[in-house]
Amino acid sequence: MNKKYIPFILIGALLVLPQLGLSSYVLHILILALMWATAGMAWNLLGGYCGQVSFGHAAFFGMGAYCAGLLAHHYDITPWLGFLVSVPVVAALALVMGFIVLRLRGPYFVLATLAIGELLRIIAENLVDLTQGNLGVLIRRTWVDKDPYYYVILALALGTYFLIQRIMASRWGYYFVAIREDQDAAESLGINTTLYKTIALAISAVITGFTGAFYMNYMGYIDPQIVFSLGDISIVMIMVVMVGGVATPLGPWVGAVIMVILAEWIRSLPVIGTGYQTLFGILLIVIIIFLPNGLVGDLPKIKRFFKKEVPA
Amino acid sequence: MLEIKNINVFYGDLQVLWDVSFQVEPGEIVALIGANGAGKSTTLRTISGLLRPKSGEVTLDGQPLHSLEPYDLITLGIAHVPEARRLFVEMTVEENLDMGSLRGPAKLKRKETKEMVFSLFPRLSERRRQQSGTLSGGEQQMLAIGRGLMGLPKVIMFDEPSLGLAPILVGEIFEIIKRIREEGKTVLIVEQNVRQTLAIADRAYVLETGKVTMAGKGRDMLNDEHVKAAYLGV
C-alpha cells in the first residue's frame, strides 16, 4: 500500500470514530487525548523545536480557560467566544512573560516560567471579584452530547498539527532549531534570537490558550487549582511531549494517548491510585533514562530491542 | 580596518580584559596567542557583540560595532567561526551553510558562494545531505569555516580552528586559512597552536591574563626568547 495514503486513512478514522457507537466514557477519553495532543504540540513548538523548556504553560491554559469562562459568567456571552478573546489576552501575556524570561537561559528560564505559572494561579485565587477565587467558574455547557466537542477538539488538533508542520518547514522553523542547537552561533549568523524566541512563545501560548478555552467549554467548571495547576497542567504538557517524543510531529499525539489512558487506569487502582503523580514521576525518570527521545523519537531503538528478544 | 581600542570586558564583576588594543589591516592574517584563560575567546566574543565592553571601542572601517546587536554584525562583513565549531548538528551540511547566509547581499549570492565553498572543501560537497553531527571532527571544522564564508565576510575570525584535530588535519586547516586570505579576506585568528599560527600570521599579539603584553611580526615572534620559553616549549 502506498505510504502517502496513511495520513488520509488516519484522519478518516478519526472522523468516523464517534459514529461507531462508543460509550460516552470512551469518547471522553478520546476528547481528553486530543486536547492533550494539542497542548503537547503547542509546548513542543517552544520546548521541543526552539529548545526553551517551559514549566509554566498552565499560565496560558488557565488564561484561555478564564477568558471563555468569565465571558459566560459575567456577560452571559457564549463561552465559545473565549477562543477569539483569548488570542489578544494570551498573546499579551506571552509578550510580557517573554520580555521577562526570554533573556534567561537554561535552568533560570525553567524556574522563571515555573514561577510565572504559579503567580497566575495565586492571582486568579485572589482576584475574587473577577474570578470568584477558589469558588471557581461554573457555566452551562452548550451540548449535552459529547460528539460536537469531539469534532471541535479534533479540528483544533489537526489545525495545530498542520500549522506547526508549515512553520517548521519554513524559514522560522530553521531559526527555531538553530536557536535550540546553539543560541550564540545563531545570533552571530544574523538571527535575532530574542525576536524568534518571542514568536515561538507567542504561537505556543495562543494554541495552549485555545486548549484552555476548550477545556472550559467542555468541562463546564474551572477553578484556579485546576487550570493553573503546575502538576496537572504544566508538567503533564511536558510529559506528553517527553513520553511521545521531543521535537517530533507525532510525538505529542502518541504521548497524549498514553498519558490519558495511563492516568485513567492508575487513578482507578485501589490505594495506589491516589499517588498517581508519584507514579508519573517515576515513569518520567524511566523514560528519560531509557528512551530520552520518547516513543516516537526512539522508535528504531525500541524495534531493535524487540528484535533481539526473538530467537534467531 | 578592524580596530580594537582600550576595551575593558567583565564577566559580572570579574574583569577579564584590561585595556586591550590592537588593529587588523585589510588582507592581513593577525593572530592572538596566549595560554588558556588569557582572554582570547573573550576578545573575539566581544568583537562579535556577544559580550559588551564596559569601556573602549570596537570599530570596522571607522564604524563602531560595540553598540550594534550581534545579529546585525554579519551584514557589516564580520564572520565568527566559533570555538568547538558549534554547528547545528541536527541539520544537514547544506542547511548549515544556508544558515550562514541569512542576511543581506550574502543571501542573494547564496548559490555562488556555496559552489565556492564546495570547491574549497570537496568533501563537504560529497556529504551535502548528511547530518552535520555525523561528520568527522575535521569535516565539522571545514563546515564551520564554510558556514563563516557563506556570509561573504570582509573579516573572518577563527577561534581555535585546530582544536581537537589530528596533526595532519591541523596542517590542512592552516593551509585553508592561508588560501582564504589569498582570496582577499582579512583574518583574525586565536590559537593555542602557537608555532603553526605564527608561521602563517603576518602579525601577532600576545595576550596574558587579559592584557596585551607583546606585539610583532609573526616570524619575529617565532624567534623571540619569551615566546619560545612560554609558548613553544624550547
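Chain naming here is simple, since letters A, B, ... match the order of the sequence lines and numbering starts at 1 in each.
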Tell me whether A/F8 at atom CZ has more than 12 heavy atoms from other residues, nucleotides or ligands lying less than 6.0 Å away. no

Between B/E90 and chain A, with a heavy-atom cut-off of 4.5 Å, which part of the residue counts as in contact: side chain, backbone, both or neither? both

Indicate the ring-plane relationship of A/F60 and A/H57, choosing parallel, tilted or perpendicular according to the 30° and 60° boundaries. perpendicular

What part of B/L73 is in contact with chain A, defined as an atom under 4.5 angstrom from a non-hydrogen atom: side chain, backbone, both or neither? neither

Of the non-hydrogen atoms in A/K301 and A/P292, which two are nearest, and what is the gap between them? NZ-CD, 3.9 Å

Pairing of A/K303 and A/D298 as salt bridge, 4.0 angstrom limit: no

Which answer fits B/R103, side chain, backbone, both or neither, if we ask what part of it has an atom under 4.5 Å from a heavy atom of chain A? side chain

Just so I understand: if I count every heavy-atom pair under 4.5 Å between each of B/V89, B/N96, B/I78 and chain A, which residue has the most? B/V89

